[in-house]
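Working notes for the structure below.
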Number of protein chains: 2
Amino acid sequence: MAKASNRIYSHYTREALELFAALIREARLEKKMTAQELADRSGISRGLVQRIEKADPSCAIGSVFEVASILGLVLFDSDEHSLAEKRALAISKIALMPKSVRKTKREVDDDF
Amino acid sequence: MAKASNRIYSHYTREALELFAALIREARLEKKMTAQELADRSGISRGLVQRIEKADPSCAIGSVFEVASILGLVLFDSDEHSLAEKRALAISKIALMPKSVRKTKREVDDDF
DNA sequence: ATACAATGATCTATATATGAGTCATAAATT
DNA sequence: AATTTATGACTCATATATAGATCATTGTAT
């Protein structure tokens with residue numbers, strides 16, 4: 001068996017994973033697609049689709065996003081900006097920031 | 001080397017991955033956290049943080065979400081409903097749907 | 001200008017995710 | 001009610017992601 005990997009995840013992470021999994025399964029059923037079909041179209045195995053729909057944290061993020069994409073799920077809630085725009089925006093913002101973080105003696109980071 | 005896995009991903013998937021990666025790096029720099037620090041707090045290695053920030057599709061989704069969670073990134077844009085609420089909603093919706101998809105002779109699924 | 005710490009890149013070894021089956025059960029259509 | 005397909009659960013073999021180094025370089029701060 002896959003041994004379930006005894007890693008620990010935050011509550012938030014688990015819930016996000018479970019929501020994502022539920023959205024995927026919901027979309028698949030809505031589109032009346034079998035797990036096998038979805039697997040084929042996504043270029044992965046049926047077993048992996050099953051694990052994705054069970055919110056297995058060890059699945060490759062690329063596979064999960066691809067499945068979501070095939071199902072037409074909207075990632076990162078595109079409201080005003082498109083996905084590409086948001087990406088470009090974030091990247092240009094990063095360009096303006098210090099490229100590496102320097103730990104001075106100034107205690108831990110207290111930015112709140 | 002990791003051999004980069006020659007899998008193919010949709011354009012949408014790639015952009016989503018890159019946006020996610022950018023948001024993570026941006027948040028880390030904003031919080032003045034070193035890659036090592038983020039790795040420690042997330043329970044992963046620095047190398048993995050690097051790959052995540054480079055939008056490597058093969059990273060485990062659990063690790064990526066955990067990193068995002070540590071950085072306080074909001075997954076699935078919680079507007080009206082909380083993450084948990086959305087999850088519960090999706091799950092109860094699934095419960096009302098047919099549990100398995102049946103392929104009749106009625107051509108492929110033409111739902112558009 | 002110098003020092004030092006963080007990053008990026010790369011390598012190796014090990015753990016483990018994934019694909020490819022199989023089987024039993026559940027559930028949808030007839 | 002009977003049939004047949006999709007699903008869920010499991011096993012095994014193999015590919016590969018990950019941790020854990022090290023080293024060169026870049027960037028920050030003094």
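The model shown is predicted, which means the values in this text are computed figures rather than measured ones. Proteins get letters first, then strands, A, B, ... in listed order; numbering begins at 1 in each.
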Subject >> Side chain of B:R51 (C-beta onward), nearest among C:dT18, D:dA17, C:dA28 >> reply: D:dA17
Original post:
Tell me: CZ of B:R46 to P of D:dT18, nearest whole Å?
Top reply: 16 Å
Original post:
Looking at side-chain heavy atoms only, is the closest gap between A:L19 and A:E15 below 4.5 Å?
Top reply: no
Original post:
Is the phosphate of C:dG8, meaning OP1 or OP2, less than 4.0 Å from a side-chain N or O of B:R25?
Top reply: yes
**OP:** Give a yes/no on whether any side-chain N or O of B:K54 is located under 4.0 angstrom from OP1 or OP2 of C:dA9.
**Re:** yes
Subject >> 5'-most by nearest nucleotide on DNA chain C - A:I61 or B:A35 >> reply: B:A35
**OP:** Please report, rounded to the nearest Å, how far the P atom of C:dG19 is from the CZ atom of B:R7.
**Re:** 8 Å
**OP:** Can you figure out which of C:dT18, D:dA17, C:dA28 approaches the side chain of B:S58 most closely?
**Re:** D:dA17
Subject >> C:dG19 phosphate, OP1 or OP2, under 4.0 Å from A:S45 side-chain N/O >> reply: yes
**OP:** Under 4.0 Å between any heavy atoms, over every strand shown, what does A:R28 touch: base, sugar-phosphate, or nothing? Just pick one.
**Re:** sugar-phosphate
**OP:** Write down the distance between CE (B:M97) and P (D:dA6), rounded to a whole number of angstrom.
**Re:** 17 Å
Original post:
Is any side-chain heavy atom of B:F20 less than 4.5 Å from a side-chain heavy atom of A:I61?
Top reply: yes
Original post:
Regarding B:E66 and A:T13, is there a side-chain donor-to-acceptor distance under 3.5 Å anywhere?
Top reply: yes
Original post:
Between A:R25 and B:M97, is any pair of side-chain heavy atoms under 4.5 Å apart?
Top reply: no
